[in-house]
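Comments concern the structure below.
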Amino acid sequence: MDTRQWMSILLCFATAVMLFVAFLSYRKRHLQMARTMIYMMTTASFYALGYTFEIFSDSLSGVKFSLQVEYIGIPFVSAFWLLLVIQFTGLTPRYRKQLAILLFLVPTVTFLLHLTNDWHHLIYKEYVLNTIKTVPLYNTVKGPWYSVHAIYNYTILLLGILLFIPMYLRALPIVRTQIVVLILGAAAPMLFNIAYMFSKVIDFTPLGFAVSGVVYAWGIFRFRLLRLTPLAYAKMFDTIRDGVVLLDYEDQIVNHNRAAEEVFPELGSAKSFPAFIKDLLPDCPELLERIAATEFRDDRFSLQRLQSDRQRYYICSLSYIYDTGMAPIGKMLMLSDITELKENEERLREKSERLSRLNAFKDKLFTVMAHDIRDPIALLVSLTELLGDEPSDTDIANAEVFQEIRRQVRGTYYLVDNLLDWYRSQNGEVAFRPLTWNLQQVVRQAISLAGARAGMKNISISEHIDERLTVNADKEMLDLIFRNLLSNAIKYTDIGGEIAINASIDRDQVTVTVRDNGSGIDEETAQLLHHDELFFKEPGFASGEDGGEMRFGLVLTREFLRMHGGSLRFDSLPGVGTTFFFTLSGSSSRGGTMESEGTAVIADESHID
């Protein structure tokens, strides 16, 4: 195989590699760097393809045509490479268009001068036939503008490397690798071109572009060359809200973001990086001790800094950075500001202490109420009951006043009693001891206790409960439930009204209803009951009586039923009446004994529909 054949094969390979890189870049053409890479590789492929034509040319006209193809790429390759460097480093984004015009001024002139070279011979003075029959067929005698363009190309290469140096020193490891790839890709054809300048035999510069193509393809696949530019890395790095400090294996700071400068203002005053952290932060001995640890273990610790007369708190995370193997090559320190969290925690602690003091005061208040208020009111109730049983002539004359006093005293007593019961239920002080009770006897006992008050208003109370129904409930709670429901019904039922208590069973659930034909519940009070308020002050019922009383009774009834696993519901129509429903677990049994007020009750087992 002669020289022409193997050179043409290599040049075809170089053209294919460069077009392949252009294709890879086209897939990411939405990125500026990718579009520039397409132009650079395409122009370089024209150089290699034209040189292939030149090798096989057997006449001067063929050589000149091949050179025209080559010069579609030769003047512009270096300019596109420098433009790639400018985009990669993020240099002068405002004036990039003006810079690109200046950058392509010399290449454009070179292209036009070569296109018209036969008129002025500024690129090539003459073409000399190669007498030794080697490649190429004709040697060229260079003109003055050829030297200008050569100096321009080498200047561009040097300028690009100078732009890379400061970025390389402060860049992340992945970015440093990308910089090396770009430099190698530009250096390969330049080294081949320098060799040709000294040998003057065969120009292997196009083959150097084949090396560039391979390097760039390797960079795209291995090091994400066109995925995320260093400018994007820098923006991402600087926009992280947490402070980030990168250190090398000698504990020198190589990079940091703006948030880290807010934590350590000393970083902003540093003249250059890398710099030893012990020199920049000598007033943080605990931090330096953690960083200097040699166990190669990730660490997490707290840090406090006094800044602008305010104590600030940080959580520091120290992580080791490894290369492709297991050798640590550096450390990353992240600082999360938790000052607001600490301050909020302190405020919550103060509020918690204040709430504890208020809660203790509330407990004392209810203790005082239990002993100093409830007992005197209970005594007043007993006295009014005794006076009501044995009225004198004077009492009869003041019967209306006396009855009002007795009603108010009794109501106040029930209110205080319910309030204390509700308080004990909220604090878990109420003992819950469910037993089996005969429902009819419990209801009859509640009716007998409420009978005197109902008789004053000539209200009849009836119960329709099967004697075999039993419920599983706490007796004291069950008595309070019926007492409150009957008291509520008596209060809002007019003189001569009726109250009926019924019960039915479905499987193991007993449903009890307390129905009256009183004034009913107005809409506003019904909404308060539906919303499960802990307690509320009633606005008044449809009967027109003055409202404003605290409704602890129904709330306490609802809470006690929930402790039993049941629920309280009601239906009410103003002027028609109100029906309260509640459920308890129970049964209808026969042949068993159920406890009720200390007596045994015999019941037969049967099912009630």
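From a predicted model like this one, the values you see are computed outputs, not experimental measurements.
A 4.5 Å side-chain heavy-atom check between S78 and L157 finds every atom pair outside the cut-off. Within the 4.5 Å cutoff, the side chain of F264 has heavy atoms near those of the L335 side chain. Considering only heavy atoms from C-beta on, L280 comes within 4.5 Å of L267 through its side chain. Annotation: side chain of R290 is not in contact with side chain of L333 (no heavy-atom distance under 4.5 Å). By the 4.5 Å heavy-atom criterion applied to side chains, Q252 and L247 are not counted as neighbours. In this structure, the side chains of I291 and L287 come closer than 4.5 Å at one or more pairs of heavy atoms. With contacts defined as side-chain heavy-atom distances shorter than 4.5 Å, the pair Y314/R305 qualifies. In this structure, L303 and E286 have side chains that are not in contact, with every pair of non-hydrogen atoms separated by 4.5 Å or more.
With hydrogens and angles ignored, the 3.5 Å screen pairs no side-chain donor or acceptor of S352 with any backbone N or O of L348. Remark: side-chain polar atoms of T43 are not paired, donor with acceptor, to backbone N or O of F76 under 3.5 angstrom. Under a 3.5 Å cut-off, the side chain of H149 and the backbone N or O of T110 do not form any donor-acceptor pair. For the pair T116 (side chain) and W119 (backbone), a donor-acceptor distance under 3.5 Å is absent. D242 places no side-chain N or O within donor-acceptor distance of the main-chain N or O of M334, the cut-off being under 3.5 Å. Panel note: side chain H120, backbone L122; a donor-acceptor pair is recorded below 3.5 Å. A donor-acceptor contact shorter than 3.5 Å links the side chain of N117 to the backbone of I123.
The two residues G160 and V85 have their closest heavy-atom pair at O-CG1, 3.9 Å. Closest approach of V69 and G50 over heavy atoms only: CG1-CA, 3.7 Å. Across all non-hydrogen atoms, the minimal contact from R300 to S317 is NH1-OG, 3.1 Å. The heavy-atom pair separating A48 from T15 by the smallest distance is CB-OG1, 3.4 Å. Heavy atoms only, all atoms of each residue included: P75 and P107 are closest at O-CB, 3.1 Å. Summarising the geometry of L561 relative to S567, their closest heavy-atom pair is CD1-O, 3.9 Å, with the distance given to 0.1 Å.
A distance of 12.5 Å separates CD1 of I156 from CD1 of I161, quoted to the nearest 0.5 Å. With rounding to the nearest 0.5 Å, the separation of CZ in F65 from CD in E70 is 11.0 Å. Interatomic distance, T339 OG1 to N344 CG, rounded to the nearest 0.5 Å: 10.5 Å. Summarising the geometry, atom OG1 belonging to T42 is positioned 11.5 Å from atom CD1 belonging to I72; distances are rounded to the nearest 0.5 Å. In this structure, D298 CG and M332 CE are separated by 9.0 Å, a value rounded to the nearest 0.5 Å. Taking OH from Y51 and OG from S57, the interatomic distance works out to 11.5 Å, rounded to the nearest 0.5 Å.
Applying the side chain to side chain donor-acceptor pair (under 3.5 Å) test between E345 and each of K342, R349, R347 identifies R349 as the sole match.
Around CD of Q98, the count of heavy atoms belonging to other residues, nucleotides or ligands within 6.0 Å exceeds 12. More than 12 heavy atoms of other residues, nucleotides or ligands lie within 6.0 Å of OH in Y152, so this atom counts as buried by the packing criterion. Counted within 6.0 Å of OH on Y127, heavy atoms from surrounding residues, nucleotides or ligands total more than 12; the atom is thus considered enclosed. More than 12 heavy atoms of other shown residues, nucleotides or ligands fall within 6.0 angstrom of atom CZ in F301. In this structure, F581 places its CZ atom where more than 12 heavy-atom neighbours from other residues, nucleotides or ligands lie under 6.0 Å away. Applying the 6.0 Å contact sphere to CD of E289 captures no more than 12 heavy atoms from other residues, nucleotides or ligands.
Under the 4.0 Å criterion applied to side-chain N and carboxylate O atoms, D251 and K278 are not assigned as salt-bridge partners. A salt bridge is absent between R312 and E340: the closest approach of a Lys/Arg side-chain nitrogen to an acidic carboxylate oxygen does not fall below 4.0 angstrom.
A donor and an acceptor atom, one from each side chain of K64 and S66, are nowhere located under 3.5 Å apart.
The aromatic rings of H114 and Y71 sit parallel, their planes meeting at an angle under 30°, below the 60° perpendicular limit.
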Check the pair Q311 / Y313 against side chain to side chain contact (heavy atoms under 4.5 Å, CB included), numbers first and verdict last.
-> CA-CA 7 Å; Q311 191 73 20; Y313 301 87; 3.8 Å; yes
Run the numbers on V109 and W145 for side chain to side chain contact (heavy atoms under 4.5 Å, CB included), then give the verdict.
-> CA-CA 10 Å; V109 172; W145 190 262; 3.5 Å; yes
Working for side chain to side chain contact (heavy atoms under 4.5 Å, CB included), residues M41 and L19 | CA-CA 7 Å; M41 289 290 100; L19 290 176; over 6 Å; no
Stepwise, does the side chain to side chain contact (heavy atoms under 4.5 Å, CB included) test hold for W81 with I86?
-> CA-CA 9 Å; W81 182 80; I86 292 171; over 6 Å; no
